[in-house]
Amino acid sequence: MFNFKHEWIETNVGLLLVLTMLAISIGGLVEIAPLFFIKNTVEKVDGVRPYTPLELRGRDIYQREGCYLCHSQMIRPFRDEALRYGHYSLAAESQYDHPFQWGSKRTGPDLARVGGKYSNEWQVAHLTAPRSMVPQSVMPDYPWLVKNELNFADIEDRMKALRDVGVPYSLTKSEYDDNVKKFGAQTAEMLSIPDARKNLIAQAQSGNYDGNSGSISEMDALVAYLQMLGTLVDFRKYDDDAFVKYR
Ligand code: HEC
């Protein structure tokens, strides 16, 4: 009886086509439909903000130097990952990343929560000569980062480009006011495009990331970026200690 029906379907091209389409569209719907509700799917968390101008330049250098070729920035929701790196990455944490740096190649460790793991001095020494800190390391030396002065002549344009794709850097007074409501006055100030240069210089000087307060180097920017990775969300406020307690 069953065999008979099967043969009947397979020899009836029109019917086979219709049934095939039906089967495929069910599969498609199951995958696609949830994306229409993505706003509800991405968990809302407090604390995530766009990068400050200095961190943004640091991120550019991270991409220029190809750090992503060896480092991922996404902690998977598995126990071994959480034990090693901390709380698994949330979609909300990379909402202002264009392009995102999730990656999958891990010649080196995941960097999604490397912020605050080491001192600035360690980061500078490690980036300049990784084997001075970790003798077995296969990471390349980046000695030019401390020597190169940071170019931030086009910082406003970089922020404007990100604003065009939805990152809330503010250009107008009303955008600034929205940011004050959303992120608080201090952060809103850092996200103001007209004040970008002033803010970048102030953060580099007060942070003194490369240990040399005289000039602003590419190292200042890269270390500022590394030191904030994964630090924006305070996971103690959320109710899943299972992952938090290992951090
Ligand atoms: C050829 C692959 C490779 C490249 C390219 C690379 N790294 Fe690494 N990185 C490693 C390896 C392997 C380690 C682990 C050993 C060590 O600490 O040096 C590491 C470790 C690190 C650590 C310490 C992580 C931790 O949790 O201990 C940081 C921070 C880091 N890299 C940053 C960078 C940055 C920034 C760049 C780009 C400027 C970069 N790496 C480029 C391979 C690489």
Side-chain angles (χ1 to χ4, degrees), residues 48 50-90 93-94 96-152 154-155 158 162 200 203-204 207-212 215-235 243-247:
V48 181
Y51 300 105
T52 66
L54 186 67
E55 293 159 5
L56 187 62
R57 284 302 286 129
R59 188 173 184 276
D60 293 336
I61 291 163
Y62 183 91
Q63 292 175 72
R64 182 192 75 193
E65 300 296 350
C67 310
Y68 56 83
L69 292 168
C70 287
H71 292 286
S72 59
Q73 283 192 26
M74 185 170 69
I75 303 164
R76 276 68 162 158
F78 302 123
R79 182 158 288 263
D80 59 319
E81 296 253 315
L83 278 169
R84 179 164 181 193
Y85 300 121
H87 195 290
Y88 59 86
S89 296
L90 305 178
E93 287 180 284
S94 41
Y96 301 125
D97 275 16
H98 299 278
F100 60 78
Q101 299 296 319
W102 300 332
S104 56
K105 183 78 175 74
R106 282 182 175 169
T107 302
D110 188 277
L111 297 181
R113 298 203 189 287
V114 82
K117 181 173 175 187
Y118 302 102
S119 65
N120 293 345
E121 291 78 7
W122 188 95
Q123 291 288 2
V124 173
H126 181 255
L127 285 164
T128 309
R131 272 151 300 279
S132 67
M133 293 289 123
V134 184
Q136 317 87 317
S137 185
V138 294
M139 180 165 140
D141 295 355
Y142 296 91
W144 52 87
L145 295 175
V146 267
K147 291 182 202 136
N148 287 1
E149 235 178 85
L150 183 69
N151 176 359
F152 52 92
D154 57 359
I155 186 67
R158 288 171 186 272
L162 287 167
L200 183 148
Q203 189 186 354
N208 192 18
Y209 300 93
D210 67 354
N212 170 10
S215 65
I216 302 176
S217 66
E218 292 185 344
M219 186 65 93
D220 276 314
L222 184 57
V223 173
Y225 169 67
L226 291 173
Q227 291 292 36
M228 61 74 67
L229 284 179
T231 61
L232 295 179
V233 179
D234 181 359
F235 284 99
F243 287 101
V244 177
K245 71 178 177 214
Y246 299 113
R247 174 76 173 139

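When a ligand or atom number is given, it counts from 1 through the structure's own listing order.
Protein N/O/S atoms found under 2.8 Å from atom 8 (Fe) of ligand 1: H71 NE2, M139 SD.
In this structure, the protein non-hydrogen atom closest to atom 23 (C) of ligand 1 is W122 CH2, 3.8 Å. Given atom 41 (C) of ligand 1, the protein heavy atom at minimum distance is Y142 OH, 3.3 Å. Regarding atom 26 (O) of ligand 1, its nearest protein heavy-atom neighbour is K117 NZ, 2.7 Å.
Close approach of ligand 1 to V138 is summarised as follows: ligand atoms under 4.0 Å from at least one heavy atom of the residue are 1 (C), 12 (C).
Residue D110 has no N or O atom closer than 3.5 Å to an N or O atom of ligand 1. Between Y118 and ligand 1, a contact under 3.5 Å exists for at least one N or O pair.
Residue pairs meeting the side-chain hydrogen bond (donor to acceptor under 3.5 Å, both in side chains) criterion with at least one partner in residues 135-145, sequence neighbours excluded, are E65-W144, R131-D141.
In this structure, Q123 has a heavy atom closer than 4.0 Å to ligand 1. Heavy-atom separations between H126 and ligand 1 include at least one value shorter than 4.0 Å.
Contact check for M228 versus R59: no side-chain heavy atoms found under the 4.5 Å cut-off. The closest side-chain heavy-atom distance from M139 to L127 is below 4.5 Å. A heavy-atom distance below 4.5 Å is not found between the side chains of D210 and V223. Inter-residue side-chain proximity for M74 and S94 is flagged as unmet; no heavy-atom pair is nearer than 4.5 Å. Taking the side chain as every heavy atom from C-beta outward, L150 and D220 never approach each other to under 4.5 Å. With a 4.5 Å cut-off on side-chain heavy atoms, Y209 and L222 do not count as touching.
Here Q136 has no heavy atoms under 4.0 Å from ligand 1, in either its backbone or its side chain. Residue L127 touches ligand 1 through its side chain alone, judged by heavy-atom distances below 4.0 Å.
Of all non-hydrogen atoms in T231 and G115, the two that sit nearest each other are CG2-O, 3.6 Å.
Side-chain atoms of D60 and Y225 include no donor-acceptor pair closer than 3.5 Å.
In this structure, the separation between CG on L226 and CE on M219 is 9.5 Å, given to the nearest 0.5 Å.
A parallel orientation is assigned to the rings of F235 and H87, their planes being inclined by less than 30° (bins at 30° and 60°).
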